[in-house]
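Remarks on the structure that follows.
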Amino acid sequence: MNRTLTTALSLTLLTAPAALLVVAGPAAAQAPAAAQTAEGGRFNAFLDAEYAQQQKFSPQQATSQGSKEDQDKLNDLSDAADLKRLEWRRGSVARMKAQFQRAKLPLEGRISWDLYLDELDSAELSYKFRAYQEATGAHSGLPNFLISSHLVDAPADMVAYNARVTALGHAMDQALDRAKASAAQGIRMPRFQYERTIAETQKLISGAPFDGGPDSPLWVDAKTKVGKLQTAGKVTPEEAAKLLDGTKTALLTGMKPGYERLIGWLQADIGNAKSGKVGAVTLPNGLAWYAAALKLQTRTDLTADQIHKLGLSEVARIQAEMDALAKQAGFADREAFYHDINAKDPPQPYNDTNRAEILKYSNDLIASSRTHLPAMFNVLPIYGIEVMREPSFIEVPGGAANTSGASPGGKRPGRVYLHMLGKTPLRASLPDLMCHEGIPGHAMQGDIRVRQVGVPKFRLATRNAAFNEGWGLYSELLCKEMGVYPDYASDFMRLDGELFRAVRLVTDTGIHADGWTEDQAVDYLKTVGHRSDDTAHAETRRYITGPGQATAYKIGMIRIVALRAEAQKALGPKFDVRGFNDMVIASGSLTLSVLEMRVHEWIAEQKAKG
């Protein structure tokens, strides 16, 4: 296993929230096994009933999980709805504590208990700092949801789709109300985000049927979905035309006016938005917000200063490993190896030919990684995974790849999205990227998560950034151990990817706590992180608009690697890496402290086997 900085491991293990680090308890304190099993079933039924109520607040989440209930509605984005959801969650946790005792639950029940409490804690913190969280992201997020998650298998599904398109206008009004309320407190997006939001919003209401240009994104999607219904014989040509007439009306009378109101306000207010130094530290009470953002993203009590220092130490460690690998490959140092890799595969402007080649190669890499999995896993993914281009209305040069997991049952496959504007990536970097986003990374993680059995349904939707991104980065290490990387260059680019995540620790905290300007962050990403100009700019703006998220990768990976080392030391020859990896992702997306509890329980289970 790749060595990891001892002080970094100690730091992250000691700074998880104390309330969650003491959850395991001795076996003697737990109820007898048979009673635990029965109580666990009752507890799951309780949580499922609560979750059914919770989903009424989030019809979009219900759709993402394959439910048709309320599929004609979008989430309520109002401040009042946020408070109503929080009050419901407070009541739900109170009901849980009144009806159950954690010590009487089986292991998975105790995990569910801890995660349910964590969701309330996170909801409280999010609500407290709601003014800092960008609601206008809905302008692109909602159309993307309709395109990728609203499945149309019958005419009624398309009628519901049209109702949601109509509701987009009201959703934009709600997002606008929140933006205005934040602005009144002196809290605004940076100027570049105003500009990007305006451009993306205009793109979504340009083209047919809004004007005489090429079909707009949602009109393309509607035609595709109705076309499939007609091909399958589920609607006649006349019925298909009627459904599309409904979409056109929804676009023109529901969506467009709301989007125009949003554009109008952004254009009027953009003069008040800042450029340059735009981190959390520049906002009213911004450092408190950043501390909350770090806690929400990592679920630890690590401070910005601790994370910054951790990043600097990890940068130095990884650079040393890169120098050592470069020497093995016959180069003087990492800079010489970087130069050789770039000279052999210089970035080129994207065109249709190289886009097709990169997509094919990326899909082939994921298919190949599947064949290596038995070396590190017993439980394997079963659903499809496809690599696709990012939707045009949110695509940017240098944008980060991202993954959407498979739906329960796999009807919607896992999808890895690539931004394919600007210049091409190094081919040597793609094996590592597909390990992170695809297999054994996020797409496999999502596959396993939605196939959980014997757990309450809320856990199929639970997302914890440090666990998820930590697993993605750990997956890159697993690919080395599985023999996925075909040569020195691709293994070097794995280290380059890890260096990039360490650089993120420094950059995110530099922007938001230390007052770095956008240009300072871009320069650090280019000179130390070896990012291209497009990527450095895109990443910096991503960190500015999503404080703390960039820190989740390295903090999560360090914890997972530390727990694996702890298990290996405790079990000696009885340690089974396949069993360990299966266990880590078997319970879905956990907080890091709950993962620690789960690993300690697993160690005890393995020892008890004799």
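- Of the N and O atoms on the side chains of D70 and Q55, not one donor lies less than 3.5 Å from an acceptor on the other residue.
- Taking CG of L262 as the reference point, atom OG1 of T197 lies at 7.5 Å (rounded to 0.5 Å).
- Looking only at side-chain heavy atoms (C-beta outward), F100 and R42 come within less than 4.5 Å of each other.
- The backbone N or O of N464 lies less than 3.5 Å from a partner atom in the side chain of S589, making a donor-acceptor pair.
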(request) Please assess L74 against Q60 for the test side chain to side chain contact (heavy atoms under 4.5 Å, CB included), listing each intermediate value before the final yes or no. (result) CA-CA 6 Å; L74 297 174; Q60 290 173 225; 3.8 Å; yes

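- Of all the heavy atoms in P381 and I439, the pair that sits closest is CG-CD1, 4.1 Å.
- In this model, a donor atom of one side chain and an acceptor atom of the other lie less than 3.5 Å apart for Q61 and Y51.
- Using modelled atom types, one side-chain atom of H512 and one backbone atom of Y543 make a donor-acceptor pair closer than 3.5 Å.
- Within the 6.0 Å centre-distance limit, the rings of Y474 and W471 are counted as a close aromatic pair.
- With R188 contributing its side chain and G186 its backbone, the two residues share no donor-acceptor pair below 3.5 Å.
- Between S148 and R412, the closest heavy-atom pair is O-CD, 3.0 Å.
- In terms of modelled atom types and a separation under 3.5 Å, the side chain of H436 and the main chain of G441 share no donor-acceptor contact.
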(message) If you apply the rule side chain to side chain contact (heavy atoms under 4.5 Å, CB included), what do you find for M96 with F43, and how did you get there?
(response) CA-CA 9 Å; M96 178 183 79; F43 187 50; 3.6 Å; yes

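- One finds no salt bridge joining D82 and R130 here, because no Lys/Arg side-chain nitrogen approaches an Asp/Glu carboxylate oxygen to under 4.0 Å.
- Separation of atoms CG (L294) and OG1 (T551) is listed at 5.5 Å; rounding is to 0.5 Å.
- The 12-atom threshold is exceeded at NZ of K73, counting heavy atoms of other residues, nucleotides or ligands nearer than 6.0 Å.
- A donor-acceptor distance shorter than 3.5 angstrom exists from the side chain of D447 to the backbone of I382, with no hydrogens or angles considered.
- Of all the heavy atoms in A443 and I385, the pair that sits closest is CB-CD1, 3.5 Å.
- Proximity of a side-chain donor or acceptor of Q133 to a complementary backbone N or O of S126 within less than 3.5 Å is detected.
- Checked for salt-bridge contact, K56 and E69 meet the test: a charged N lies under 4.0 Å from a carboxylate O.
- Between L595 and R299, the closest side-chain pair of non-hydrogen atoms is not below 4.5 Å.
- Applying the 6.0 Å contact sphere to NZ of K411 captures no more than 12 heavy atoms from other residues, nucleotides or ligands.
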(request) Please step through salt bridge (charged side-chain N to carboxylate O under 4.0 Å, His left out) for the pair E601 and R110, ending with a clear verdict. (result) CA-CA 11 Å; E601 293 270 3; R110 299 195 298 277; 2.8 Å; yes

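- Here the CG atom belonging to L266 is positioned 7.0 Å from the OG1 atom belonging to T201, to the nearest 0.5 angstrom.
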(request) Would you sort out whether M172 and L176 count as a side chain to side chain contact (heavy atoms under 4.5 Å, CB included), showing the intermediate values? (result) CA-CA 6 Å; M172 291 308 101; L176 181 52; over 6 Å; no

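- With contacts defined as side-chain heavy-atom distances shorter than 4.5 Å, the pair R164/Y161 does not qualify.
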(request) For the pair R102 and D114, evaluate side chain to side chain contact (heavy atoms under 4.5 Å, CB included) and give the outcome as yes or no after the intermediate values. (result) CA-CA 9 Å; R102 185 183 182 281; D114 295 341; 2.9 Å; yes

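- Between L86 and L120 there is a side-chain heavy-atom pair separated by less than 4.5 Å.
- For T545 and Q193, the side-chain atoms include no donor-acceptor pair closer than 3.5 Å.
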(request) Output, in order, the C-alpha distance, side-chain angles, deciding distance and verdict of salt bridge (charged side-chain N to carboxylate O under 4.0 Å, His left out) for E605 and R598. (result) CA-CA 10 Å; E605 291 165 5; R598 179 66 188 96; 3.7 Å; yes

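- Crowding of K457 atom NZ: a count of heavy atoms from other residues, nucleotides or ligands under 6.0 Å not exceeding 12.
- Within a 6.0 Å sphere centred on CD of Q101, heavy atoms belonging to other residues, nucleotides or ligands number 12 at most.
- The two atoms that bring F377 and N581 nearest to each other are CE2-CB, 3.5 Å, heavy atoms only.
- Sorted by first then second residue, the salt bridge (charged side-chain N to carboxylate O under 4.0 Å, His left out) pairs that include residues 141-151, not counting sequence neighbours, number zero.
- How far CG of L283 is from NZ of K274: 7.0 Å, rounded to the nearest 0.5 Å.
- Salt-bridge check for K84 with E87: failed, with every basic side-chain N at 4.0 Å or more from each acidic carboxylate O.
- Atom CG in L310 sits 7.5 Å away from atom CG in L302 (nearest 0.5 Å).
- Checking H308 against T509 by side-chain atom types alone, a donor-acceptor pair falls below 3.5 Å.
- At a cut-off of 3.5 Å, with distance as the only test, a side-chain donor of E119 or T462 sits close to an acceptor on the other residue.
- Not a single donor-acceptor pair under 3.5 Å links the side chain of S78 to the backbone N or O of Q174.
- No donor-acceptor pair under 3.5 Å is formed between the side chain of H170 and the backbone N or O of D76.
- Summarising the geometry of L105 relative to E39, their closest heavy-atom pair is CD2-CG, 3.7 Å, with the distance given to 0.1 Å.
- At least one side-chain heavy atom of M158 sits less than 4.5 Å from a side-chain heavy atom of T247.
- Between the side chain of D48 and the backbone N or O of P456 there is no donor-acceptor pair closer than 3.5 Å.
- Taking the six-membered ring where tryptophan is involved, the planes of Y132 and F129 are tilted, since the angle between them lies from 30° to 60°.
- Here the side chains of K295 and D301 are in contact, with some heavy-atom distance below 4.5 Å.
- Between Y259 and L168 the shortest side-chain heavy-atom distance falls below 4.5 Å.
- Among H442, R415, E437, the one residue that satisfies the side-chain hydrogen bond (donor to acceptor under 3.5 Å, both in side chains) test with T403 is E437.
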(request) Could you go through the salt bridge (charged side-chain N to carboxylate O under 4.0 Å, His left out) check for K309 and D305 one step at a time? (result) CA-CA 6 Å; K309 289 174 180 175; D305 184 60; 3.2 Å; yes

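- Remark: W602 CH2 to L107 CG distance equals 13.5 Å, nearest 0.5 Å.
- Ion pairing between E469 and R504 fails under the 4.0 Å rule for side-chain N and carboxylate O.
- E108 has a carboxylate O that lies under 4.0 Å from a charged side-chain N of R459, or vice versa, which qualifies the two as a salt bridge.
- In this structure, the side chain of K225 engages the main chain of H150 through a donor-acceptor pair within 3.5 Å.
- You'll find the side chain of L142 stays beyond 4.5 Å of the side chain of M255, heavy atoms only.
- Closest heavy-atom contact between D157 and L151: CB-O, 3.7 Å.
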